Amino acid sequence: MNFVINGGKKLSGEIAVSGAKNGAFPLIAAALLIGQDTTLHNIPDIRDIHNTIELLQALGADINYRNHTLTMRSSQLSSDELDREISKRMRASILFTAPLLARRGKVSFPHPGGCVIGERPIDLFLAGYQAMGASTQTTDSVHHMGIPHRPKSIHFTFPAISTTATYCLMMLATLADGTTKLSNAACEPEVTMLADFLNTAGAKISGAGTPWITIEGIEKYPPNTLEYTNIPDRVETGSFLFMAMATKSTITVSHTEPDHQEAVLDVLRRMGANCVIGKDSITVIPPEHIKPIDIKTHEYPGFATDLQSPFIVALTQADGSGLVQETIFEGRMFWLEDLQRMGAQVMILDTNRARIEGPAELKGRAVKSPDLRAGMAYIIAGLTAEGTTTIHDVEIIDRGYERIEERLQLLGAHIKRVTP
Ligand code: EPU
């Protein structure tokens, strides 16, 4: 499937944000950990959620998913092996190792796949699980882990900040023998949400949202029927805001959480935008002349790596030059070569730094996205560029953005999905 975009036109109106992709996975993993009937709302209808459902059904979970609500019954599981083929499609598959270790005492999984944006090791998960008493063996590229007793409580300092490793150790520690202290933990709102959901179910977690999380282990989750609503997608929100800047269009992004956008709002304002904040909406009114600024990606509450590419497209329209430095992943700037072919003045300084000179007159081209977020950036570039842009193999974009072309059409975007 391809997207064909006729760009160079202003957009206007309101676009509603979906539930957080990277919030849905830990909620579903937590539901598996708790093992009781659970209803989750605001789960985005994207390819990776369907992959997740398939992965969990293969473990014996009974899942129903309709109208963004997922109900799951997983009291009886029949397997502790994560399907190899599905796990290799998505990094989030690693999240299901913690519930399986806790509930079945063992788990087998391949090295998880996902977007090709760098090495993406799993050493932090393995180190944490081992400290909690798990043993590991790797044969034929499949990791086999076993934990003979209740997980041990630990005092663990993450050598690098990792959102998914924070989710996993926090989940396993809720059932550990004693009190676990995690330091240098990720502070993303999705971590805070996961802790809140687990606490609703009976866990005893404090400090989530700060680098220090304390988890008092419980023996088991009390019987309960659980219901929880996922937070809005931070990355989708930021992408739409930078789309407004790049196309110099006034857009209202609704169904979002403005409190999660402080770094983005700061960047937009420094670029000269007027941002009007509502209870659950942000309206961005771009300036006539965008001011160029430098950014460095950073863990939350800093500027998200997932927004590096949409920001760069906005920067191509600034009056002057800005420097962008990627600090989280080492392979996240390759997409810039196609942006250069679209007419962007990009100087790639090294694998992690690029200088962008604006304003550039972008021209439509045929491109193919190396990853989900670069795919969104190409959509924004295509909407900004004069002429026709064709984005090939948009399945990678469907992994994280729900019916994106239909939602953008409501803003007046000329974008359609075509089968080549
Ligand atoms: N890291 C290690 N060892 C580990 C785990 C991570 O060295 O065992 C390093 C990574 O190499 C990276 C850094 O720590 O340099 C951050 O990794 P993190 O674990 O936070 O990232 P992730 O779990 O691979 C999640 C999101 C990404 C998002 C990053 C950073 C999910 C499923 N993925 O990835 O989202 O970019 O956190 O915020 O939640 C996306 O949605 O497109 C995406 C890539």
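Reckoned from all heavy atoms, side chains included, excluding hydrogens, waters and symmetry mates. One-based numbering, in listed order, for ligands and for the atoms of each. Predicted model only: the values in this text are computed from it and were never measured.
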Any idea which part of [X] is under 4.0 Å from ligand 1, heavy-atom wise: side chain, backbone, both or neither?
X      : answer
Leu124 : both
Asp371 : neither
Lys21  : side chain
Met376 : neither
Tyr300 : neither
Asp123 : both
Thr305 : side chain

Backbone or side chain, does any N or O of Ile328 fall under 3.5 Å from an N or O of ligand 1?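 Between Ile328 and ligand 1, an N or O pair is found under 3.5 Å apart.
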N/O of Tyr167 under 3.5 Å from N/O of ligand 1, yes or no?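 No; the residue has no nitrogen or oxygen that sits under 3.5 Å from a nitrogen or oxygen of the ligand.
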Check each atom of ligand 1 against the heavy atoms of [X] and keep those under 4.0 Å away; list them by number with element.
X      : result
Ile122 : 8 (O)
Leu372 : 42 (O)
Arg373 : 40 (C), 41 (O), 42 (O)

Please lay out, stage by stage, how His392 and Tyr378 fare under the test side chain to side chain contact (heavy atoms under 4.5 Å, CB included). CA-CA 10 Å; His392 291 280; Tyr378 287 143; over 6 Å; no
Student check: side-chain heavy atoms of Val264 and Arg234 closer than 4.5 Å: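 Sidechains of Arg234 and Val264: no contact.
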Hey, are the side chains of Ile348 and Glu337 touching, using non-hydrogen atoms and a 4.5 Å cut-off?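 Contact flag for Ile348/Glu337 side chains = yes.
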Take Phe25 and Tyr167 through the test ring-ring contact (aromatic ring centres under 6.0 Å, His included) and record every step on the way to the result. CA-CA 10 Å; Phe25 303 128; Tyr167 302 145; 9.4 Å; no
Just go through Ala186, Pro159, Pro121, Cys168 and tell me whose heavy atom is the nearest to atom 10 (C) of ligand 1.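 Residue with the shortest heavy-atom distance to the ligand atom: Pro121.
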Is any side-chain N of the basic residue among Asp233 and Lys21 closer than 4.0 Å to the acidic one's carboxylate O?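 The answer is no: the pair does not qualify as a salt bridge.
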Salt-bridge contact Arg332-Asp306 (side-chain N to carboxylate O under 4.0 Å):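 Yes.
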Establish, yes or no, whether a centroid distance under 6.0 Å links the rings of Phe109 and His143.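 Yes; His143 has its ring centre under 6.0 Å from that of Phe109.
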Where Ala29 and Pro99 come nearest, the two heavy atoms and their spacing: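 The answer is O-CG, 3.3 Å.
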Would you say Val235 touches ligand 1, if touching means a heavy atom closer than 4.0 Å?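 For ligand 1, residue contact (heavy atoms, under 4.0 Å) with Val235 is absent.
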